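Here the structure is a predicted model, which means the values were calculated and not measured. Because only heavy atoms are used, hydrogens play no part in the values below, and waters and symmetry mates are left out as well, while side chains stay in. We name chains A, B, ... by the order of the sequence lines, and we start the count at 1 in each one.
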Amino acid sequence: MNFSKSLIQWFLHNKRDLPWRKNTYPYPVWLSEIMLQQTRVAQGMPYFLRFIEAFPTVQDLADAPEEKVLKLWQGLGYYSRARNLHATAKEIAYTLNGNFPPDYKGLLKLKGVGEYTAAAIASISYGEAVPVVDGNVYRVLARIYGVDTDIASPGAKKQFTALAASLLPPRQAADFNQAMMEFGALQCVPKKPDCKACIFNTDCVAFTTGRVQQLPVKLKKQKVTNRFFNYLVVKDVLGNTLMYRRDGKGIWHGLFDFPLVETPVQTDDAQTIALIKSTLDFAPQTIKRITDEPVIHKLSHQKLHIHFWEVTTGQTLPNGIDLQQAMLLPVPIVLHIFMEKHWKA
DNA sequence: CAGACGTGGTT
DNA sequence: TAACCAAGTCT
């Protein structure tokens, strides 16, 4: 069978009409590829449209304050993508004279651009013959060629990249790469693919040997740690509240949140209140738990048990900010939901 | 290099 | 419903 030829033919008949496919300029391609990392098309699409509208060119993105970029990114997750996106826009606008690096090797040097994204931009925008290897490619190749290498193992990427490279028609890199991903997204889906309707079902090793559900092999299981958060929703005499920018290495770097009291285990109200009091650098008037049950917020690797506490004070807090002002800050989605529910007039 | 890093949809 | 997973990258 001529896998590549059939695949590209399938793609040309089945490709979706997506907003980042209107042209092949590096800017929209790069933007969409960053947004779609570990993210579904349906989830990323509205963000792409808003970004293109707010920042029609790399220059516009470079000139924006980081806070505005993060605010527009709010809710999409993996916020380092947004920070790296902004840093790279500046790099391109101010150091590279507004031009993206002209090849895979150069693109790979950009912040937030790894092997996958560099190959995607290089092939789609420049026609460079470099294979993309993403979750779709692992799945499609593992099934059709019956590759049972654990895709989470160290050597898997190299092996699948080599296989993809051997299949890639040098002059049709853009179509081939997008075809692999589109085929994985639409036909060769993770759960219960409709193999009866698949053009490769007579050749697919997984299908012909009854191993579609077993491939690709992924052994590593992700462990989730529980954390117990108490967010202090402060209200001073002016009705102002307190919010701080998170930095360091942990979750939500660059976003803002309320003063946080974290405990290593679940604590009762008396304990928690005592702890809250000891952390405050102002005199509280009242401390009241707002949430009856903890809000459960699940991240890919953490399960957050969050209580919100209203803390009032008779003082005027020097760094207090207006609630409407606070709502303009980029925040984790769980805080956004809280503010929408409790602060919306 | 194994683990950290979000959110939402699906099973 | 807990687990999986979705166009990965960084450290």
Side-chain angles (χ1 to χ4, degrees), chain A residues 11 15-16 18 20-21 28-48 70 73-85 87-88 107-121 123-124 131-140 150-158 160-161 164 174 176-186 188-193 213 216-227 246 248-255 257 296-304 330-337:
Chain A
F11 175 63
K15 68 190 270 192
R16 289 166 291 181
L18 300 170
W20 45 87
R21 286 182 176 162
V29 171
W30 165 67
L31 180 59
S32 66
E33 292 301 342
I34 299 296
M35 286 184 164
L36 293 176
Q37 288 168 7
Q38 299 287 280
T39 305
R40 283 189 176 75
V41 164
Q43 193 187 357
M45 178 115 66
Y47 286 84
F48 177 83
L70 282 167
W73 196 275
Q74 178 179 293
L76 196 54
Y78 285 149
Y79 297 95
S80 66
R81 290 185 296 171
R83 299 195 311 275
N84 287 333
L85 185 85
T88 289
L107 290 163
L108 200 51
K109 295 194 171 85
L110 300 173
K111 276 186 187 171
V113 175
E115 292 178 356
Y116 163 76
T117 306
I121 302 170
S123 61
I124 295 170
V132 296
V133 180
D134 72 337
N136 290 305
V137 175
Y138 279 126
R139 188 168 59 255
V140 170
D150 170 19
I151 63 172
S153 67
K157 191 164 182 184
K158 196 176 278 184
F160 280 87
T161 302
F176 176 79
N177 281 338
Q178 293 180 88
M180 289 284 281
M181 296 189 282
E182 197 80 335
F183 190 77
L186 299 181
C188 196
V189 295
K191 303 276 176 74
K192 313 215 169 170
Q213 300 294 340
V217 175
K218 187 149 109 186
L219 295 178
K220 189 175 55 183
K221 279 187 185 160
Q222 132 114 315
K223 62 179 86 165
V224 175
T225 58
N226 287 295
R227 296 179 73 182
R246 295 180 63 92
K249 290 173 177 273
I251 58 173
W252 300 330
H253 179 196
L255 302 189
D257 64 358
I296 303 298
H297 186 73
K298 290 174 176 174
L299 287 71
S300 54
H301 55 301
Q302 296 182 19
K303 182 174 175 181
L304 273 28
V331 296
I333 206 65
V334 67
L335 288 208
H336 174 73
I337 292 168

Tell me which of A/Asn136 and A/Lys303 sits closer to the 5' end of DNA chain C, going by the nucleotide each one is nearest to.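 Nearest-nucleotide comparison on DNA chain C picks A/Lys303.
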[M] and [N], which share atom name [atom1], separated by this distance in whole Å:
N      : M     : atom1 : result
C/dT1  : B/dG6 : P     : 26 Å
C/dT9  : B/dG8 : P     : 22 Å
B/dC5  : B/dC1 : C1'   : 16 Å
C/dT11 : C/dA7 : C1'   : 23 Å

The criterion is ring pair (Phe, Tyr, Trp, His ring centres under 6.0 Å); which residues satisfy it with A/Phe176, sequence neighbours excluded?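 In terms of ring pair (Phe, Tyr, Trp, His ring centres under 6.0 Å), with neighbours along the sequence ignored, A/Phe176 is linked to no residue.
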Just the rounded figure in Å: distance from [atom2] of [N] to [atom1] of [X].
X        : N      : atom1 : atom2 : result
A/Ile121 : C/dT9  : CD1   : C1'   : 13 Å
A/Leu108 : C/dT9  : CG    : P     : 9 Å
A/Lys111 : C/dC10 : NZ    : P     : 10 Å
A/Phe11  : C/dA7  : CZ    : P     : 14 Å
A/Ile151 : C/dG8  : CD1   : P     : 11 Å
A/Asp134 : C/dA7  : CG    : C1'   : 5 Å
A/Lys109 : C/dT9  : NZ    : C1'   : 17 Å

Mind checking [X] for me? I need base, sugar-phosphate or nothing, with any heavy atom below 4.0 Å counting as a touch.
X        : answer
A/Trp73  : nothing
A/Gln178 : nothing
A/Ser32  : nothing
A/Val41  : base

For A/Arg21, all residues meeting salt bridge (Lys or Arg N to Asp or Glu O under 4.0 Å), sequence neighbours excluded: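 Partners of A/Arg21 under the salt bridge (Lys or Arg N to Asp or Glu O under 4.0 Å) test: A/Glu182.
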Tell me, please, which residues at least two apart from A/Arg83 pass salt bridge (Lys or Arg N to Asp or Glu O under 4.0 Å).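 Once residues adjacent in sequence are excluded, A/Arg83 has no partner under the salt bridge (Lys or Arg N to Asp or Glu O under 4.0 Å) criterion.
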Listed partners of A/Arg227 passing side-chain hydrogen bond (donor to acceptor under 3.5 Å, both in side chains), at least two apart: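 Only A/Glu262, A/Gln302 meet the side-chain hydrogen bond (donor to acceptor under 3.5 Å, both in side chains) criterion with A/Arg227.
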Could you check whether A/Arg81 and A/Asn84, counting side-chain N and O atoms only, form a donor-acceptor pair closer than 3.5 Å?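 Note: A/Asn84 and A/Arg81 side chains miss the donor-acceptor criterion.
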Could you check whether A/Tyr116 and A/Gln37, counting side-chain N and O atoms only, form a donor-acceptor pair closer than 3.5 Å?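 No - no donor-acceptor pair under 3.5 Å links their side chains.
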One character per nucleotide, please: for nucleotides 5-11 of chain B, 5' to 3', B when the base has a protein heavy atom closer than 4.0 Å, S when only the sugar-phosphate does, - otherwise. BBBB---
N/O (side chain, A/Arg16) to phosphate O (OP1/OP2, C/dA7) under 4.0 Å: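 Result: no.
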Determine which pairs satisfy salt bridge (charged side-chain N to carboxylate O under 4.0 Å, His left out) with at least one residue from residues 111-120 of chain A, sequence neighbours left out, and list them in order.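 Only A/Glu115-A/Lys157 qualify under salt bridge (charged side-chain N to carboxylate O under 4.0 Å, His left out).
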